[in-house]
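What follows is a set of notes on a single structure, which appears directly below.
In this text, all values refer to a predicted model and were calculated from it rather than measured experimentally. Below, read A as the first sequence line, B as the second, and so on, with proteins coming before strands; counting in each chain starts at 1.
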Amino acid sequence: MDYIFDKFEDEIKKGVRRVFDLDIDIPIEIPDEERGDYAIPCFVFSKLLKKSPHEIAEIITNNIELELGSAQSSGPYVNFKIDDRELVKNTIEKCLEYEDSFGSYPSKDEKMILEHTSANPNGPLHVGRARNPIIGDTLARVYEKMGYDVERQYFVNDIGRQMAIFAWGSINIEERDLPEPERNKIDYRMVRYYQKANSQLEEEPKIEDEVRDIIHAMEKGDKQTLNLFKDNADKVLKGVTDSLKRLNITLDSFKNESDFVVDGSVDDIVDQMDKNKRCGKEDGALFFEKDEKRTFLTRADGTNLYPARDLAYHKWKAERAGRLLNILGEDHKLHGHFLKDALESIDITPVPDFVFYSFVSFEGEEMSTRKGKYVTLDDLMDTAHNKAKKEILKRRDDFSSDEIERISEQVGIGAIRFNIIKIQPEKPIDFRWEEALNFRGDTAPFIQYTYARSCGILERSDIDLDPDQVDMSKIDEPGEMKLIKTMAKFPHILKTVRDNNVPHRLAKYALELASEFNQFYRDHPVIQSKNKKTERLLLVKAYSYVLKSLLDTLGLEAPESM
RNA sequence: GGGCGUGUGGCCUAGUCUGGAUAUGGCGACAGCCUCCUAAGCUGUAGAACGGGGGUUCGAAUCCCCCUACGCCCGCCA
């Protein structure tokens, strides 16, 4: 709690409560910047105290005791302004203390399992599916900054009908009967079996019987069948994780759905649910009921269904972490609610929180692995890389070819991550190439470019900065103060993102932070400054720490030149 | 039919949970800024009363009701 805005907000709330000796939530908001840093509208006090909002604003202004700033009434509002000197001092100090982990909070010593991606492992990731890992990974980084011990986990749906069709294909189809893979990558080679199996299934319905035999064998726990499923899943997953790694996303662990069948924990949870008063049976099939909505856990023949297996998985997770978060497509909303209700009904805590996101369409149509209609993540990454390279070559001729490749990758990949994360999850995205590859305006390259600019200044400076020798009281111009203030807001933004699971807010803030620097850059010479060179250099150094920390949190690389 | 979500300038988008002081930013358009730390930048102009209607309130993009368009869901699939 030692970031300046944390302290100031706390001081204002306590101060107002003390003025009126009230124990209520103080409404505090962030006004337009000319008015101040915080504002309290006094309308709510009006009824309680039987005074006009104007009067109350006056009383607060005249009686509140503040160390970090000042109060000024403005009609029915009290506006609070943080003290410039405190702001500069604290912010610069914190930047130098935390460096590029500015914004971090101390470890909470709490374990969290964040489940993301968990896509059926039957083919390469396409752009639609990529929204999940990008949201998941960004939130994982935010929670880590906030002090959680985060485990990023992929729940591998390695059993079920789709995987059975996949298995049938890998048994019955010869490689020589398949088209060339679109890429020499294992997930692309494997998806051909899945796609061909699906199209053969449509033409020859009798294959259905063979698929059913495979499903039965799987459900009976047949080792050989399960191993085949798992083997197919593992191969595809190898390709998928390679793609994700390129997006700067790594998973910490994988948990196979089949494990819960094999080790008997699904049976255990079914037994437990059987005794639950919210559960009932229909023709021998067990169901959970809430609000007249039934979710079946087993079939009439006693074999278990996905909800039961997911329940076993969540019980397993709950035993291992104090906080759970799942990133799921909006089609899983109902299932998410079922999970929560069912877990609560048997007193399993913690129950997971969810982020549901809308689908990404491609030119207005849904992407489908089965039908082969999609833009793969790999294709998008390659195209982004090439586009970035073209942009670099347009303006720089002093980079080595290695540097060009490295920066093209950093910029291209960043553009993809950012363009997806900047949109509120519940909003649908219609994927368009020009938009995905746009490098100007509200984009990652804009933010990265800003970082490179700040690095450029630091690199050119010839003096050794000794913070103790720098007179920070010289940092006082509006453009300088605005920059500092925006920097100081970062910890607050992280809190908001964590409290509401709204990763797009982080992206919006990043744009603001970058834009602020570019304005500063235009108006305030640093190296050529006559009397403020060291002070501004220190400011730029502090700034670059904040931006670096923010880029890290967004999973974006921070090129020092581009 | 029911449930959930979304609808903000030509296009994309923030703000909606916790109602407040002139509705955020970008793309595109138009007009400007590189003898000066990277113009992937910056400045300015035009452009929206926030899907429609009603209500609550001193005050509504934000809360409530109705309607409408679109998406998702409503399997002994996963």
- Query: B/rC76, B/rC17, B/rA40: which one has an atom nearest the side-chain heavy atoms of A/Asn500?
  - Reply: B/rC17
- Message: Suppose you measure atom P in B/rU62 against the same atom in B/rU57; what distance do you get, rounded to whole Å?
- Response: 16 Å
- Message: Can you tell me which nucleotide in B/rA78, B/rA40, B/rA21 comes closest to the side chain of A/Asn157?
- Response: B/rA78
- Message: Considering every strand and a 4.0 Å limit on heavy-atom distances, what is the contact class for A/Asp291: base, sugar-phosphate, or nothing?
- Response: nothing
- Give the rounded distance in Å between these two atoms: CD of A/Glu29 and P of B/rG20. 6 Å
- Message: With a cut-off of less than 4.0 Å, is there a side-chain N or O of A/Arg440 near OP1 or OP2 of B/rG26?
- Response: no
- Note on the structure: Closest to the side chain of A/Glu34, out of B/rU22, B/rG20, B/rU38, is B/rU22
- Task: Name the nucleic acid region contacted by A/Gln519, choosing base, sugar-phosphate or nothing; use a 4.0 angstrom heavy-atom cut-off, strictly under.
- Result: sugar-phosphate
- Has A/Arg395 got a side-chain N or O lying under 4.0 Å from the OP1 or OP2 atom of B/rC34? no
- Query: In whole angstroms, how far is the P atom of B/rC73 from the NZ atom of A/Lys293?
  - Reply: 13 Å
- Query: Do we count A/Phe43 as stacking onto B/rG20 if the rule is ring centres under 5.5 Å and planes under 30°?
  - Reply: yes
- Message: Among residues at least two apart in sequence or on other chains, which ones pass salt bridge (Lys or Arg N to Asp or Glu O under 4.0 Å) with A/Lys14?
- Response: A/Asp10
- Look at all strands and tell whether A/Ser561 reaches a base, only sugar-phosphate, or nothing, counting heavy atoms closer than 4.0 Å. base
- Message: Roughly how many Å apart are B/rG15 and B/rC74, using the C1' atom of each and rounding to a whole number?
- Response: 32 Å
- Message: Other residues, nucleotides and ligands only: do more than 12 of their heavy atoms fall within 6.0 Å of CD on A/Glu477?
- Response: yes
Which pairs of donor and acceptor atoms, one on a side chain in residues 327-339 of chain A, lie under 3.5 Å apart (sequence neighbours left out)?
unit_1	atom_1	unit_2	atom_2	d
A/Glu330	OE1	A/Ser358	OG	3.4
A/His335	NE2	A/Asp310	OD2	2.6
A/His337	ND1	A/Lys333	O	3.3

- Apply side-chain contact (heavy atoms from CB on, under 4.5 Å) to the pair A/Phe446 and A/Asn518, showing each step before the final yes or no. CA-CA 10 Å; A/Phe446 162 63; A/Asn518 285 314; 3.2 Å; yes
- Pair A/Asn304-A/Thr298, side-chain hydrogen bond (donor to acceptor under 3.5 Å, both in side chains): steps then yes or no: CA-CA 4 Å; A/Asn304 58 66; A/Thr298 68; over 6 Å; no
- Query: Just checking A/Phe356: base, sugar-phosphate only, or nothing, at a heavy-atom cut-off of under 4.0 Å?
  - Reply: nothing
- Item | Closest listed nucleotide, where the reference is the side chain of A/His504 and the choices are B/rG15, B/rC37, B/rC12 | B/rG15
- Query: What nucleotide, of B/rC36, B/rG41, B/rC76, holds the atom closest to the side chain of A/Asn518?
  - Reply: B/rG41
- Message: Is A/Arg309 close enough to B/rA78 that one of its side-chain N or O atoms is under 4.0 Å from OP1 or OP2 there?
- Response: yes
- Are the side chain of A/Tyr194 and the backbone N or O of A/Met163 linked by a donor-acceptor pair below 3.5 Å? no
- Query: How would you list, by chain and number, every residue that makes a salt bridge (Lys or Arg N to Asp or Glu O under 4.0 Å) with A/Arg294, sequence neighbours excluded?
  - Reply: A/Glu282, A/Glu289
- Task: May I ask you to verify whether the side chain of A/Asn79 and the base of B/rA21 hold a donor-acceptor pair under 3.5 Å?
- Result: yes
- Message: Of the listed nucleotides (B/rA40, B/rC73, B/rA14), which one gets closest to any side-chain atom of A/Lys508?
- Response: B/rA14
- Partners meeting salt bridge (Lys or Arg N to Asp or Glu O under 4.0 Å) with A/Lys508 (sequence neighbours left out): none
- Is there a donor on the side chain of A/Asp442 or the base of B/rC27 sitting less than 3.5 Å from an acceptor on the other? no
Atom pairs and distances, donor-acceptor, side-chain atoms in residues 35-43 of chain A, under 3.5 Å, two or more places apart:
unit_1	atom_1	unit_2	atom_2	d
A/Asp37	OD1	A/Lys485	NZ	2.7
A/Asp37	OD2	A/Ile82	N	2.7
A/Asp37	OD2	A/Lys485	NZ	3.4
A/Tyr38	OH	A/Glu9	OE1	3.4

- How does protein contact run along nucleotides 2-9 of chain B, one letter per nucleotide 5' to 3', with B for base contact, S for sugar-phosphate only, - for none, heavy atoms under 4.0 Å? --SSSSB-
- Item | Phosphate-side-chain proximity, A/Arg453 and B/rA39, N/O vs OP1/OP2 below 4.0 Å | yes
- Residues touching RNA chain B, which here means a heavy atom under 4.0 Å, drawn from residues 404-415 of chain A: A/Val411
- Query: Is A/Arg299 near enough to B/rG75 that one of its side-chain N or O atoms lies under 4.0 angstrom from OP1 or OP2?
  - Reply: no
- Item | Nearest listed nucleotide, side chain of A/Phe446, among B/rC76, B/rA78, B/rG41 | B/rG41
- Query: How is A/Lys394 classified with respect to the nucleic acid when contacts are heavy atoms under 4.0 Å: base, sugar-phosphate, or nothing?
  - Reply: nothing
- Query: For the side chain of A/Arg505 and the base of B/rA14, is some donor closer than 3.5 Å to an acceptor across the two?
  - Reply: no
- Query: Quantified in whole Å, what is the C1' atom distance between nucleotide B/rU8 and nucleotide B/rG52?
  - Reply: 14 Å
- Query: Which residues satisfy the salt bridge (Lys or Arg N to Asp or Glu O under 4.0 Å) test with A/Glu426, sequence neighbours excluded?
  - Reply: none
- Report the nucleotide, chosen from B/rG20, B/rC73, B/rG26, that has the shortest atom-to-atom distance to any side-chain atom of A/Leu334. B/rC73
- Message: On RNA chain B, does the nearest nucleotide to A/Pro525 precede the nearest nucleotide to A/Ile40 from the 5' side, or the other way round? Give the residue.
- Response: A/Ile40
- Nearest-Å distance once atom C1' is located in both B/rA23 and B/rA14: 10 Å
- For atom C1', what is the distance between B/rC65 and B/rA21, given to the nearest Å? 29 Å
- Quick one: label A/Glu257 by what it contacts on the DNA or RNA (base, sugar-phosphate, nothing), any heavy atom closer than 4.0 Å. sugar-phosphate
- Task: Give a yes-or-no answer on whether the side chains of A/Asn256 and A/Ser258 include a donor-acceptor pair shorter than 3.5 Å.
- Result: no
- Hey, does the side chain of A/Tyr449 come within less than 4.0 Å of B/rA40's phosphate (OP1/OP2), counting only N and O? yes
- Message: Need one value for A/Phe287: base, sugar-phosphate or nothing, where a base atom within 4.0 Å counts as base even if backbone is also close, heavy atoms only.
- Response: nothing
- Query: Who pairs with A/His126 by ring pair (Phe, Tyr, Trp, His ring centres under 6.0 Å), at least two apart in sequence or on another chain?
  - Reply: A/Tyr374
- Determine, step by step, whether A/Ile165 and A/Ile214 satisfy the side-chain contact (heavy atoms from CB on, under 4.5 Å) criterion, reporting the C-alpha distance in whole Å, the side-chain angles of both residues, the deciding distance to 0.1 Å, and the verdict. CA-CA 9 Å; A/Ile165 294 169; A/Ile214 294 173; over 6 Å; no
- Task: Counting heavy atoms from C-beta on, name the nucleotide in B/rG25, B/rA21, B/rC76 closest to the side chain of A/Leu305.
- Result: B/rC76
- N or O in side chain of A/Arg294 less than 4.0 angstrom from B/rC74 OP1/OP2: no
- Item | Residues forming a ring pair (Phe, Tyr, Trp, His ring centres under 6.0 Å) with A/His524, sequence neighbours excluded | A/Phe520
- Task: Using the test side-chain contact (heavy atoms from CB on, under 4.5 Å), find all partners of A/Ser561 that sit at least two apart in sequence or belong to another chain.
- Result: A/Phe399
- Query: Taking only Watson-Crick and G-U wobble pairs with both distances under 3.5 Å, what dot-bracket line describes RNA chain B, where [ ] shows pairs that cross earlier ones and | shows pairs with another strand?
  - Reply: (((((((..(((.......[....))).(((((.......))))).....(((((..]....))))))))))))....
